[in-house]
> 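Before I ask anything, let me first share the structure, which is written out below as structure tokens.
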Amino acid sequence: MAAGRRGGRGRAEARTSLTAFVLGGSVAAVPLLGFQGRAALALHAAGANAALLLAWGRGPGGGGMYQIAIRACFLGFAFGCGLLLSFGQSTWKHFGWYMCSLSLFHYSEYLVTAVNNPRSLSLDSFLLNHSFEYNVAAISSWLEFTVEKFIFPEMKQITWLSSAGLLMVVFGEGLRKAAMLTAGSNFNHIVQNEKSETHTLVTRGVYGWFRHPSYVGWFYWSIGTQVLLCNPICAVGYTLASWRFFRERIEEEEMTLIHFFGEEYLAYKRRVPTGLPFISGVRVEL
């Protein structure tokens, strides 16, 4: 009964977030209405926030839904602004691609969790507060792009390289979401230390290709964002930092999985690679 209530709550939160995301993303239609400039964007943002307050900001229990809606709307707004840059005449077109990629990644993390595993759903599922290091990495990439754009503007107009980065982003995002959907309720943003009654070892679908497809997807997505931006410094930095993070994360997670599933996981481990270069996972002494 409790699981059913939680599932119904998850669907309600998914609908709320999707409505708010679309509302924020509708900023992309502002120029079609004949409005231009930053003032038009600011008016849209103010109007969207007013609509969210009217819909979810009042009444008992409304605060929680408003917190969901305001985050989803912010991501939708960023996505819409990214579309405006992508299809406009601005030299910031490739940064628009990046904005769309980044905002869609964070929003889809929440939406898929809401649909797939509502029991683990929280505001943290947006991954907007992933870690201090993640925020520093993001800001560093924005700074590098901006500085290099003003010093070496031609560097940021290499369309074939940005297109290759976009393909990496699409591949990584698709693989990660396929992993989340395949794992179902077994997927969680936090490594679990206790095995639940419904926890099973998933080896089908993309898990038949890689042991850690969600990490493989995130790894190539993160590097792809920097290739897209033509950021040479951050491309190298993201590669090294992501590789180290996932090496440690995989070893920690596999120790837990061996504890949960024993020989079943060890056999799976021998059969299927991690999917990440030069990372074999935790070593098991026989």
Side-chain angles (χ1 to χ4, degrees), residues 3 6 10 105-106 108-110 112-138 171-224 236-286:
R6 184 58 205 165
F105 170 81
H106 283 282
S108 60
E109 289 289 306
Y110 183 89
V112 173
T113 303
V115 173
N116 219 34
N117 189 12
R119 290 181 302 173
S120 68
L121 187 67
S122 70
L123 292 176
D124 290 340
S125 300
F126 283 108
L127 298 185
L128 291 172
N129 57 341
H130 180 270
S131 66
F132 173 76
E133 292 79 7
Y134 181 85
N135 293 336
V136 169
F171 166 77
E173 174 79 338
L175 180 60
R176 180 168 172 83
K177 294 310 181 288
M180 293 175 69
L181 290 168
T182 302
S185 62
N186 293 284
F187 185 90
N188 199 300
H189 285 117
I190 302 173
V191 175
Q192 302 297 290
N193 295 317
E194 295 184 7
K195 183 181 178 183
S196 68
E197 294 180 358
T198 60
H199 201 170
T200 58
L201 179 61
V202 180
T203 61
R204 67 184 185 281
V206 291
Y207 286 87
W209 307 346
F210 313 120
R211 292 204 307 275
H212 302 278
S214 67
Y215 295 160
V216 176
W218 198 343
F219 179 76
Y220 287 108
W221 174 87
S222 67
I223 299 171
V236 173
Y238 271 49
T239 301
L240 296 175
S242 296
W243 186 88
R244 180 176 179 180
F245 172 80
F246 286 121
R247 183 193 63 183
E248 296 174 354
R249 182 71 175 258
I250 285 173
E251 289 181 355
E252 175 189 357
E253 185 170 307
E254 290 198 337
M255 290 177 64
T256 300
L257 290 168
I258 291 170
H259 175 70
F260 284 177
F261 301 107
E263 182 57 38
E264 183 183 6
Y265 186 79
L266 291 174
Y268 173 61
K269 184 178 186 298
R270 289 191 292 267
R271 188 172 70 252
V272 179
T274 63
L276 288 168
F278 308 110
I279 297 179
S280 57
V282 67
R283 295 185 178 183
V284 180
E285 298 294 335
L286 300 176

> Which atoms form the tightest heavy-atom contact between P277 and W243, and what is the distance?
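Taking P277 first and W243 second, the nearest heavy atoms are O-NE1, 2.7 Å.
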> What heavy-atom pair brings S108 and E173 nearest, and what distance separates the two atoms?
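Nearest heavy atoms, S108 then E173: OG-OE2, 2.9 Å.
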> Run L276 and R247 through side chain to side chain contact (heavy atoms under 4.5 Å, CB included) and show every step you take.
CA-CA 9 Å; L276 288 168; R247 183 193 63 183; over 6 Å; no
> Would you say I190 has more than 12 foreign heavy atoms packed within less than 6.0 Å of its CD1?
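Atom CD1 in I190 is not crowded, with 12 or fewer foreign heavy atoms closer than 6.0 Å.
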> Please confirm whether the backbone N or O of L175 pairs with a side-chain atom of W221, one donor and one acceptor, at under 3.5 Å?
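Side chain of W221 to backbone of L175, a donor-acceptor pair under 3.5 Å: no, none is there.
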> Knowing that exactly one of N117, N116, D124 qualifies, which makes a side chain to side chain donor-acceptor pair (under 3.5 Å) with S120?
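So, applying the side chain to side chain donor-acceptor pair (under 3.5 Å) to S120 and each of N117, N116, D124, only N117 qualifies.
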> Any side-chain heavy atom of F219 within less than 4.5 Å of one from F245?
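Heavy-atom side-chain distance check fails, nothing below 4.5 Å.
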> Between V272 and T203, does the side chain to side chain contact (heavy atoms under 4.5 Å, CB included) criterion hold? Intermediate values first, please.
CA-CA 9 Å; V272 179; T203 61; over 6 Å; no
> Could you tell me whether the side chain of Y215 and the main chain of G275 form a donor-acceptor pair under 3.5 Å?
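Such a contact is absent between Y215 side chain and G275 backbone.
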> Please check: side-chain N/O of R271 versus main-chain N/O of G208, any donor-acceptor pairing under 3.5 Å?
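No, the answer is negative, given that no donor and acceptor are paired below the 3.5 Å cut-off.
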> Over 60° means perpendicular and under 30° means parallel, so classify the ring planes of H130 and Y134, tilted if in between.
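The rings of Y134 and H130 sit tilted, inter-plane angle from 30° to 60°.
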> Looking only at heavy atoms, which two atoms of T274 and R211 are closest? And how far apart?
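Of all heavy-atom pairs spanning T274 and R211, the closest is CG2-NH2, 3.0 Å.
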> Between atom OG1 of T113 and atom CE of M180, what is the distance when rounded to the nearest 0.5 Å?
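If I round to the nearest 0.5 Å, the distance is 3.5 Å.
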> Take R249 and H212, measure what side chain to side chain contact (heavy atoms under 4.5 Å, CB included) needs, and give me the verdict at the end.
CA-CA 10 Å; R249 182 71 175 258; H212 302 278; over 6 Å; no
> May I ask you to check whether Y265 and H259 place their ring centers less than 6.0 Å from one another?
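So the answer is no for these two rings.
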> Parallel, tilted or perpendicular for Y110 and F126, by the 30°/60° rule?
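Parallel, since the angle between the ring planes stays under 30°.
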> Is E254 reaching over with its side chain to a backbone N or O of G281, donor-acceptor style, under 3.5 angstrom?
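Side chain of E254 to backbone of G281, a donor-acceptor pair under 3.5 Å: no, none is there.
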> Are more than 12 heavy atoms from other residues, nucleotides or ligands located less than 6.0 Å from atom CZ of R244?
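Result for CZ/R244: open.
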> Taking the side chain as C-beta and beyond, is there a heavy-atom pair between L266 and E263 under 4.5 Å?
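A side-chain contact under 4.5 Å exists here.
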> Do F261 and H199 have side chains that approach each other closer than 4.5 Å (heavy atoms only, starting at C-beta)?
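Yes; the side chains approach each other to less than 4.5 Å.
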> How long is the gap from OG1 on T239 to OH on Y220, to the nearest 0.5 Å?
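Going from the OG1 atom of T239 to the OH atom of Y220 covers 9.5 Å.
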> Is a side-chain N or O of S125 found less than 3.5 angstrom from the main chain of S122, in a donor-acceptor match?
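Yes; at least one donor-acceptor contact below 3.5 Å.
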> Find the distance between CZ (F260) and CG (N186) and round it off to the nearest 0.5 Å.
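Reported to 0.5 Å precision, the distance equals 10.5 Å.
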> Show the nearest heavy-atom pair for residues S280 and K269, with the distance to one decimal.
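Minimum heavy-atom contact is O-NZ, 3.6 Å.
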> Which heavy atom of A179 sits nearest a heavy atom of V206, and at what distance?
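Looks like CA-CG2, 3.7 Å.
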> Please give me the minimum heavy-atom distance between P118 and G10, naming the atom from each residue.
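Smallest heavy-atom distance, with atoms named: CB-CA, 3.8 Å.
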